[in-house]
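From a predicted model like this one, the values you see are computed outputs, not experimental measurements.
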Amino acid sequence: MAFESLTDKLSSIFKKLRGQARLTESNMDEMLREVRVALLEADVNYKVVKEFVNNIKEKAIGQDVLKQLNPSQMVVKIVRDELVELLGSKDSEIHYQNNRPTIIMLVGLQGSGKTTSAGKLAYLMKNKLNKKVLLAACDVYRPAAIDQLDQIAKQVGVPIVNMGTDISPVTIAKKAKEKLFNDHLDVLIIDTAGRLQIDEALMDELNNIKKEVNPDEILLLVDAMAGQDAVNVANAFNDKLALTGVIMSKLDGDARGGAALSIRHMSGVPIKFMGTGEKLADLDIFHPDRMAERILGMGDILTLVEKAQEQLDEKEMKKGVGKMLSGKFDLDDMLLYMKKVQKLGSLGGILKFIPGMPKISPEQLSVAEKEMQNFEVIINSMTKEERKNPDILKYSRKVRIANGSGKTLNEINKVLKKYETAKASMKQVEAYRKSGKLPPGGFGGLH
């Protein structure tokens with residue numbers, strides 16, 4: 001995930017700060033120097049870094065942080081607030097029209113992933129925001145892009161205006177706008193052509209489309225991996241088109257995060273959406289406050305809850321949780337519950353949203369995910385009766401399951417041990433929940 005290295009460094013800096021007996025101007029300056037270096041190493045623009053650090057120092061002095069009872073906590077709060085401001089505390093949402101459809105024009109350089117992002121945006125607006133969406137294929141110079149958008153429209157289940165490669169993009173956009181109003185749809189997303197580099201012909205065409213359809217939003221797609229080049233591209237497009245927002249792709253990759261932390265400040269254009277993967281569902285609304293807290297290692301519970309609401313049926317989950325807490329669940333129930341949790345994403349991805357979670361190495365995650373896979377394979381090798389009543393699993397049955405699943409007897413016993421531990425732990429959780437008390441030392445069997 002982008003910002004991972006920055007998060008590690010900032011966490012280390014603040015841990016060291018909390019270890020100080022008291023906060024002085026000297027160790028405050030040392031902390032700010034380390035923050036400056038961490039941001040520069042994350043490829044944040046040096047002007048942004050200078051202003052960011054100066055703002056922190058100014059606010060710390062203004063709020064008499066050195067005299068506070070918990071000065072390190074105050075410093076972290078100031079850094080958090082400054083990060084939110086840097087990422088764009090306002091205007092980070094799409095402004096949908098109340099009395100007419102909303103028109104979104106998607107622009108960017110060739111190869112930036114505009115067509116895929118147009119599909120992702122359509123998916124998000126249809127499935128998460130309940131909008132009736134129309135796509136328009138205006139990249140007439142690349143037949144492959146038109147075919148790709150056509151296929152994506154079918155996958156998402158939204159209509160598309162596709163007039164081939166012989167009609168001008170301006171005419172296609174005009175026809176799409178007519179269809180948008182005639183069919184009483186909510187949102188039009190126009191996929192435009194790109195170039196390998198910015199040129200006058202491209203900007204003229206985009207401006208002609210803009211004049212014809214008068215879009216409510218002009219969103220630029222930029223790649224988080226592009227670093228400071230993304231800022232230059234944003235400035236160039238903004239000068240010619242007056243952008244209203246940015247979609248930043250590949251924030252799930254190993255980008256250092258400098259583009260995301262620089263683009264709003266350097267161009268004045270807010271990030272409105274972020275790409276988090278290759279699938280159509282992997283586009284999220286960008287929340288500056290949540291991203292700031294994730295950068296500082298505070299987790300992001302709100303986003304995790306939203307993911308759960310999107311992926312999991314609430315009634316089924318309540319029923320499943322009730323059965324788990326009662327301790328009266330079988331191996332089928334346990335497997336079903338695990339599969340539901342897996343819908344939220346990888347184990348490592350889920351843990352990053354939870355505040356206070358210790359850093360888990362890739363090797364540890366690999367072991368945990370392999371154990372989850374073994375659990376499913378082993379349970380699927382059991383009979384229905386065995387899954388419902390694991391007590392009947394004696395030696396001969398275990399041998400048969402081991403042979404059928406390609407696992408060892410030791411692995412079969414591990415699965416059964418985890419099941420028994422989970423049952424005991426869940427009963428303990430429920431008992432303490434009903435009593436309103438917390439157990440001393442926590443629930444040992446839950447990890």
Side-chain angles (χ1 to χ4, degrees), residues 94 102-128 131 133-177 179-180 185 187-199 201-203 205-206 208-210 213 215 217-226 230 233-234 237 241 243-253 271-284:
I94 291 288
T102 301
I103 299 174
I104 298 171
M105 186 173 160
L106 195 56
V107 301
L109 295 178
Q110 187 175 315
S112 60
K114 277 193 316 304
T115 303
T116 305
S117 291
K120 287 180 175 182
L121 200 54
Y123 181 96
L124 182 148
M125 290 181 172
K126 180 192 173 193
N127 294 290
K128 299 180 184 179
K131 303 287 183 186
V133 183
L134 172 67
L135 286 167
C138 290
D139 186 354
V140 298
Y141 310 103
R142 293 194 308 127
I146 295 176
D147 292 342
Q148 183 187 1
L149 194 64
D150 207 45
Q151 290 300 314
I152 288 173
K154 288 174 185 172
Q155 282 179 259
V156 178
V158 297
I160 182 172
V161 174
N162 174 2
M163 301 175 72
T165 58
D166 297 328
I167 308 295
S168 81
V170 178
T171 302
I172 296 169
K174 184 180 177 182
K175 291 291 183 185
K177 183 177 179 179
K179 181 175 175 63
L180 175 73
L185 302 173
V187 181
L188 167 63
I189 300 170
I190 302 171
D191 180 31
T192 64
R195 298 285 193 279
L196 291 175
Q197 58 187 18
I198 296 166
D199 59 39
L202 168 64
M203 289 304 178
E205 179 178 292
L206 295 176
N208 288 335
I209 294 174
K210 179 183 175 181
V213 302
E217 298 274 353
I218 303 177
L219 303 181
L220 171 72
L221 184 74
V222 295
D223 188 332
M225 306 289 286
V233 170
F237 272 90
L241 295 168
L243 300 171
T244 61
V246 164
I247 299 176
M248 186 156 284
S249 66
K250 298 182 185 173
L251 270 174
D252 60 313
I271 303 171
K272 297 203 173 188
F273 298 95
M274 59 178 187
T276 57
E278 298 297 320
K279 297 175 184 174
L280 282 173
D282 293 339
L283 185 75
D284 294 326

What are the two closest non-hydrogen atoms of Val213 and Lys174, and how far apart are they?
CG1-N, 4.1 Å

Start with the C-alpha gap between Val187 and Leu121, add the side-chain angles, then the distance that decides, and say whether side chain to side chain contact (heavy atoms under 4.5 Å, CB included) holds.
CA-CA 10 Å; Val187 181; Leu121 200 54; over 6 Å; no

Is there a side-chain contact between Val222 and Ile271 (heavy atoms, below 4.5 Å)?
no

Listed pairs under 3.5 Å, donor-acceptor, residues 148-161 side chains, sequence neighbours left out:
unit_1: Gln148; atom_1: NE2; unit_2: Thr116; atom_2: OG1; d: 3.0

Spacing of CG belonging to Leu280 relative to CG belonging to Asn127, to within rounding of 0.5 Å:
9.5 Å

Excluding sequence neighbours, so at least two apart, what forms salt bridge (charged side-chain N to carboxylate O under 4.0 Å, His left out) with Lys179?
Asp183

With sequence neighbours left out, write down each residue that passes side chain to side chain contact (heavy atoms under 4.5 Å, CB included) with Ala201, or none if nothing qualifies.
Arg195, Asp199

Let me confirm one number: the CG-OG distance from Asp282 to Ser249, rounded to the nearest 0.5 Å.
12.0 Å

If every non-hydrogen atom of Lys128 is compared with every non-hydrogen atom of Ala281, which pair is closest and at what distance?
NZ-O, 3.7 Å

Please report the shortest heavy-atom distance between Met225 and Lys250, naming the atom on each side.
CG-CD, 3.9 Å

Any non-hydrogen side-chain atom of Leu241 less than 4.5 Å from a side-chain atom of Leu220?
no

Student check: side-chain heavy atoms of Leu243 and Val107 closer than 4.5 Å:
yes

Does the distance from a Lys or Arg side-chain N to an Asp or Glu carboxylate O, for Lys114 and Asp191, drop under 4.0 Å?
no

Rounded at 0.5 Å granularity, tell me how far CD1 in Ile190 sits from CG in Leu106.
10.0 Å

Note, Leu221 side chain near Phe237 side chain (heavy atom, < 4.5 Å)
no

Mind checking whether Ile104 and Met125 have side chains closer than 4.5 Å, heavy atoms only?
yes

Ala173 and Cys138 have their tightest heavy-atom pair at N-SG, 3.8 Å

Atom pair NZ (Lys131) and CG (Leu185), whose distance is rounded to the nearest 0.5 Å:
12.5 Å

For Val140, side chain to side chain contact (heavy atoms under 4.5 Å, CB included) partners two or more places apart:
Pro169, Ile172

Side chains of Gln110 and Asp139: closer than 4.5 Å at any heavy-atom pair?
no

Indicate yes or no: at least one non-hydrogen side-chain atom of Glu205 is less than 4.5 angstrom from one of Thr192.
no

Step by step, would you call Thr115 with Arg142 a side chain to side chain contact (heavy atoms under 4.5 Å, CB included)?
CA-CA 11 Å; Thr115 303; Arg142 293 194 308 127; 4.0 Å; yes

Looking only at heavy atoms, the pair that brings Ala176 and Leu134 closest together is O-CD2, 3.3 Å

Any residue meeting salt bridge (charged side-chain N to carboxylate O under 4.0 Å, His left out) with Glu217, in chain and number order, not counting sequence neighbours
Lys272

How long is the straight-line distance from CG of Leu124 back to OG of Ser117, given to the nearest 0.5 Å?
11.5 Å

Taking the side chain from Thr244 and the backbone from Ile218, do they hold a donor-acceptor pair closer than 3.5 Å?
yes

With sequence neighbours excluded, give me every side-chain hydrogen bond (donor to acceptor under 3.5 Å, both in side chains) pair touching residues 156-170.
Ser168-Thr171

Mind checking the CG-CD1 spacing from Leu219 to Ile189? Nearest 0.5 Å is all I need.
9.0 Å

Which heavy atom of Gly164 sits nearest to which heavy atom of Ile146, and what is that distance?
O-CD1, 3.6 Å

